[in-house]
Amino acid sequence: METSIKATASPSPSASNLIVIARLSGLLVAVLVLVWGLSFRSNFLSHTSPTHTHIYSVLHYLVMVIGFVLISGEAILVHKWCPGSRNLKKLVHLTMQGVALASGIFGIWANFHLQKGVLSNFYSLHSWMGLICISLFAAQWLMGLFSFWHQGEERTTRIRVLPGNVFLGLYIYALAIATAETGLLEKLTFLEAKNKVLKHSLESVVVNSLGLGLALVSGIVILTAVSPGNQSIPTKIVYSSTDKRPSS
C-alpha cells in the first residue's frame with residue numbers, strides 16, 4: 001500500500017501581514033501623489049502655459065508613481081498571494097508587469113510632450129536613471145514573455161537562471177524607486193529655486209512625505225519578496241494499493 005499526501009501552498013501569517021502593510025503603504029503613496037498633482041498642479045508650470053500642458057506635466061508624475069512603481073511592486077508579490085498553478089501566477093505576473101511597462105512608456109511620452117526634442121529631456125541624473133530603468137524593465141519583461149511561451153525548457157536551466165532573474169527584478173524595482181526619489185527632489189528643488197514653493201510650505205511636506213512613503217513601500221515589498229512566504233498545508237490524502245499475484 002502506498003500513501004501520498006497532496007499539499008497546497010498558502011501564504012504564511014507573516015507574509016500575509018507584510019502584503020497588507022505593503023498595500024496600505026502603496027495606497028498612502030497613491031493618495032499623496034494625487035493630492036500633490038491635483039491640488040498643487042498650478043506649481044508644475046507657469047500660469048501662462050496652456051491647460052493641456054498642465055495635464056501632461058501632472059500625468060508624468062501620476063502615471064510613473066501609480067502605474068509604473070506601485071503596479072510593478074504588486075507584480076513582484078504575485079507569487080505570494082495569487083492562488084492557482086505556477087503558470088497562472090506567472091501569467092498574472094507578466095500581465096501586471098505589462099501594464100506597468102505601458103504606464104512607464106506613457107509617462108515618459110507625456111514628459112517628452114512638454115519639450116521639443118528627445119535630447120532636451122535628458123539633462124539630469126533623474127532622466128538618465130529613468131531611461132536605464134525602463135530599458136531594463138522592458139528587456140526583462142520580454143525575456144519573461146518569451147520564457148512563458150517556451151515552457152519546454154529543461155527544469156535545471158530554469159532553476160539555474162531563477163536567482164539571477166529574481167535579483168534583476170528586485171534591482172530594477174529598487175532602481176525605479178531611486179529614480180522616482182531623484183525626480184521628486186529635482187522637482188521640489190526647481191520649485192523652491194523659482195520661489196513657487198516655500199521650504200516649510202504644505203506642498204513641501206506633501207512631496208517629502210511622498211518620498212518617505214516610496215521608501216517605505218519599497219522596503220516592505222523587497223522584504224516580502226525575499227521572505228519565505230509560503231507554507232505547505234496538507235489538504236488531501238490519497239491511498240493506493242497494489243495486489244500483485246503470481247501468475248500460474
Side-chain angles (χ1 to χ4, degrees), residues 22 25-26 28-38 40-41 43-45 53-54 56-76 97 100-115 117-140 167-223:
S25 302
L28 174 63
V29 167
V31 171
L32 286 173
V33 74
L34 284 171
V35 170
W36 182 40
L38 300 180
F40 301 97
R41 68 175 187 171
N43 288 333
F44 278 79
L45 291 172
T53 308
H54 284 289
Y56 285 114
S57 179
V58 174
L59 272 179
H60 175 73
Y61 295 91
L62 296 182
V63 173
M64 296 306 289
V65 172
I66 298 177
F68 184 63
V69 174
L70 295 184
I71 293 182
S72 63
E74 185 68 21
I76 292 175
Q97 278 194 322
L101 177 60
S103 300
I105 294 174
F106 177 76
I108 292 177
W109 175 84
N111 196 49
F112 282 168
H113 190 79
L114 299 177
Q115 302 182 38
V118 176
L119 295 179
S120 61
N121 290 275
F122 292 100
Y123 58 88
S124 65
L125 177 63
H126 170 67
S127 58
W128 296 350
M129 291 176 64
L131 178 63
I132 295 173
C133 180
I134 202 71
S135 300
L136 289 175
F137 193 94
Q140 189 191 36
F167 167 77
L168 183 59
L170 293 179
Y171 172 76
I172 295 173
Y173 176 70
L175 183 61
I177 295 293
T179 304
E181 299 284 13
T182 57
L184 294 177
L185 179 61
E186 178 184 297
K187 187 64 178 181
L188 187 59
T189 303
F190 173 80
L191 292 174
E192 291 177 350
K194 294 293 184 179
N195 294 322
K196 292 185 177 182
V197 175
L198 299 177
K199 293 182 178 180
H200 301 287
S201 65
L202 178 59
E203 185 168 359
S204 295
V205 173
V206 171
V207 176
N208 290 329
S209 299
L210 176 57
L212 290 176
L214 285 170
L216 176 63
V217 169
S218 63
I220 297 173
V221 168
I222 293 175
L223 176 61

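Counting from 1, the numbers follow the sequence of the chain as shown. Quick note: numbers below take in every heavy atom, side chains included, and nothing from hydrogens, waters or symmetry partners.
Residues satisfying the ring pair (Phe, Tyr, Trp, His ring centres under 6.0 Å) test with Tyr171, not counting sequence neighbours, are none. With sequence neighbours left out, the side-chain contact (heavy atoms from CB on, under 4.5 Å) criterion links Ser103 to Val63, Val99. Every residue meeting the side-chain contact (heavy atoms from CB on, under 4.5 Å) condition with Ala30, not counting sequence neighbours, appears here in chain and number order: Ile66, Leu70. Among residues two or more places apart in sequence or in another chain, the salt bridge (Lys or Arg N to Asp or Glu O under 4.0 Å) test is passed with Glu181 by none. Contacts of Lys199 classified as side-chain contact (heavy atoms from CB on, under 4.5 Å), with partners at least two apart in sequence or in another chain: Glu192.
Considering every non-hydrogen atom in both His126 and Thr179, the closest pair reads ND1-O, 2.7 Å. Taking each heavy atom of Leu62 and Val33 in turn, the nearest pair found is CD2-O, 3.4 Å. Across every non-hydrogen atom of Ala22 and Val221, the tightest pair is CB-CG2, 4.3 Å. Counting all heavy atoms, side chain and backbone alike, Ser72 lies closest to Tyr173 at OG-CD1, 3.9 Å. Here the closest heavy-atom approach between residue Glu186 and residue Ser124 is recorded as OE1-OG, 2.8 Å.
Within the structure, the salt bridge (Lys or Arg N to Asp or Glu O under 4.0 Å) test picks out no pair touching residues 125-139 (sequence neighbours left out).
Leu216 places a side-chain heavy atom less than 4.5 Å from the side chain of Ile220. Counting only heavy atoms from C-beta outward, the side chains of Glu203 and Leu191 approach each other to under 4.5 Å. Counting heavy atoms from C-beta on, the side chains of Val69 and Met64 never come closer than 4.5 Å. A heavy-atom distance below 4.5 Å is not found between the side chains of Leu198 and Ser204. Lys187 is listed as a side-chain neighbour of Trp36, based on a closest heavy-atom distance under 4.5 Å. Taking the side chain as every heavy atom from C-beta outward, Phe40 and Val197 never approach each other to under 4.5 Å.
With values rounded to the nearest 0.5 angstrom, Ser218 atom OG is found 11.0 Å from Leu223 atom CG. Between Leu175 atom CG and Leu170 atom CG the span is 12.5 Å, to the nearest 0.5 Å. Going from atom CG of Leu184 over to atom OG of Ser209 covers 11.0 Å, rounded to the nearest 0.5 Å. If you take CE on Met129 and CD1 on Ile177, they are separated by 10.5 Å, rounding to the nearest 0.5 Å. Note that CG of Leu210 and CG of Leu188 are 10.5 Å apart. Values are rounded to the nearest 0.5 Å. Atom CG of Leu131 is separated from atom CG of Leu136 by 9.5 Å, given to the nearest 0.5 angstrom.
In this structure, the side chain of His60 engages the main chain of Gly107 through a donor-acceptor pair within 3.5 Å.
Taking the six-membered ring for Trp and the full ring otherwise, Phe137 and Phe68 have centroids separated by under 6.0 Å.
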